[in-house]
Amino acid sequence: MGLPMPGRGGDLREVRSVRFVSGRIIEASLDQRWITQRRTGRQAWEWKRTSVLIPGDRIPFPLTAGRFGSEGEARDGYFVGAMLGDGGMTSCTPEFHGDPLDGAVQFMRLFAAEHGCRVREIPQGSIVRVRFPFRAGHRNPITDCLRRFGVWGQRCDEKQLPDLRLSREFWIGCLSGLIDTDGCVRERVNPRGTAHGSVEFATVSPVLAMQVSDTLLRLGVANRVRVDERKRNDGH
């Protein structure tokens, strides 16, 4: 949507609101230049003006956005991120699946205890199903926490990050929870024999993938989103 705004010399200039997939909105003039990444070929970077931007353009701007809120702590973020990764949030009782010896499961045990919620662990092969039941007739504090951040009830392919102005610490914790559940850190060696590390995150939710990408850019971390089309015709 375009609105007039004062320009240099007092003249009016039309502006548009550019909404990012994470929910950020930036107002810019029609001749504002943005760095975007091509979708095909080498996916090289190129400059485009606001007037020719289209939905789906990848814009790593600004890399270090200072538009963070004050709500939410790192532990809240880690809990939300881990639940978005390996959690179940559509039944009556929230639950989490993971390695019983893994740090994420131990975190869930402590987080539930801090909120006065019981933990029931059900072994399922090499992983454990962790459920968070609460007293009958009382509101479940774990469910309330998920509702507070707007993620309760999300299905796997529809998962999204909270649409709230949360603190920088919350987003760092949230990304940590996502990587610990649905991500991996690996060492690669190129043809020249040079070793380098890489961090990857995988999800079946296209919106969540783009939101994670934008959140990383807000923290100054460049990244690339790829769609795997090997198992389904429409990609995932």
Side-chain angles (χ1 to χ4, degrees), residues 1-74 76-77 80-81 84 147-154 157-179 199 201 203-227 234-236:
M1 179 179 180
L3 295 173
M5 66 174 291
R8 294 180 180 178
D11 57 319
L12 294 178
R13 303 175 63 188
E14 185 177 355
V15 299
R16 287 183 181 171
S17 295
V18 180
R19 182 181 179 86
F20 289 73
V21 70
S22 64
R24 283 191 296 146
I25 298 178
I26 297 178
E27 293 185 344
S29 62
L30 296 182
D31 59 354
Q32 170 69 44
R33 298 175 72 233
W34 306 75
I35 185 68
T36 64
Q37 188 178 35
R38 295 177 183 173
R39 304 184 190 183
T40 60
R42 296 187 301 110
Q43 296 188 341
W45 300 96
E46 61 183 357
W47 289 96
K48 296 177 70 173
R49 298 184 183 278
T50 304
S51 58
V52 296
L53 290 177
I54 60 175
D57 279 341
R58 299 199 65 231
I59 305 174
F61 175 86
L63 286 177
T64 52
R67 301 179 66 85
F68 293 102
S70 58
E71 183 181 359
E73 300 178 353
D76 297 326
V80 171
L84 285 171
R147 285 197 179 101
R148 172 190 170 196
F149 294 106
V151 297
W152 175 251
Q154 293 186 7
D157 58 344
E158 299 174 350
K159 288 183 177 179
Q160 300 182 29
L161 293 177
D163 187 15
L164 301 168
R165 285 197 61 190
L166 299 167
S167 69
R168 185 175 186 273
E169 291 70 25
F170 176 93
W171 290 119
I172 292 176
C174 186
L175 291 172
S176 298
L178 286 166
I179 297 299
V199 180
F201 168 73
T203 177
V204 295
S205 171
V207 173
L208 180 58
M210 296 305 298
Q211 288 179 327
V212 169
S213 174
D214 187 58
T215 303
L216 286 167
L217 290 172
R218 293 179 66 187
L219 296 169
V221 181
N223 59 88
R224 177 176 295 181
V225 178
R226 293 176 177 171
V227 178
D234 57 348
H236 66 286

| query | Hey, is the main chain of Gly72 close enough, under 3.5 Å, to the side chain of Ser167 for a donor-acceptor pair? | reply | yes
| query | Does Phe170 reach the side chain of Val80, with side-chain heavy atoms less than 4.5 Å apart? | reply | yes
| request: Sequence neighbours left out, what passes side chain to side chain contact (heavy atoms under 4.5 Å, CB included) with Asn223? Give chain and number order. | output: Arg58, Ser213, Leu216, Leu217, Val225
| With sequence neighbours left out, what residues match Arg147 under side chain to side chain contact (heavy atoms under 4.5 Å, CB included)? | Arg139, Thr143, Asp144, Trp152
| query | Of all residues at least two apart in sequence or in a different chain, which pass the side chain to side chain contact (heavy atoms under 4.5 Å, CB included) check with Val199? | reply | Ile179, Val185
| field | Minimum-distance pair of heavy atoms, taken over all atoms of Thr50 and Ser29 | value | OG1-O, 2.8 Å
| Counterpart residues, side chain to side chain donor-acceptor pair (under 3.5 Å), relative to Glu169 (two or more places apart) | none
| field | Non-hydrogen side-chain atoms of Trp47 and Ile35 separated by less than 4.5 Å | value | yes
| field | Residues in salt bridge (Lys or Arg N to Asp or Glu O under 4.0 Å) contact with Asp57, at least two apart in sequence or another chain | value | Arg39, Lys48
| field | Worked check of side chain to side chain contact (heavy atoms under 4.5 Å, CB included) between Lys159 and Gln211 | value | CA-CA 10 Å; Lys159 288 183 177 179; Gln211 288 179 327; over 6 Å; no
| request: Write down the atom of Leu166, the atom of Pro162, and the distance for their closest heavy-atom approach. | output: CD1-CB, 3.8 Å
| field | Partner residues of Glu158 under the side chain to side chain contact (heavy atoms under 4.5 Å, CB included) criterion, sequence neighbours left out | value | Arg155
| field | Atom pair CG (Leu175) and CG (Leu161), whose distance is rounded to the nearest 0.5 Å | value | 7.5 Å
| Taking every non-hydrogen atom, the tightest pair across Phe149 and Asp76 | CZ-CB, 3.8 Å
| query | Is the number of heavy atoms from other residues, nucleotides or ligands within 6.0 Å of CZ (Arg168) greater than 12? | reply | no
| field | Contact summary for Ala28 and Trp34, nearest pair of heavy atoms | value | CB-CZ2, 3.6 Å
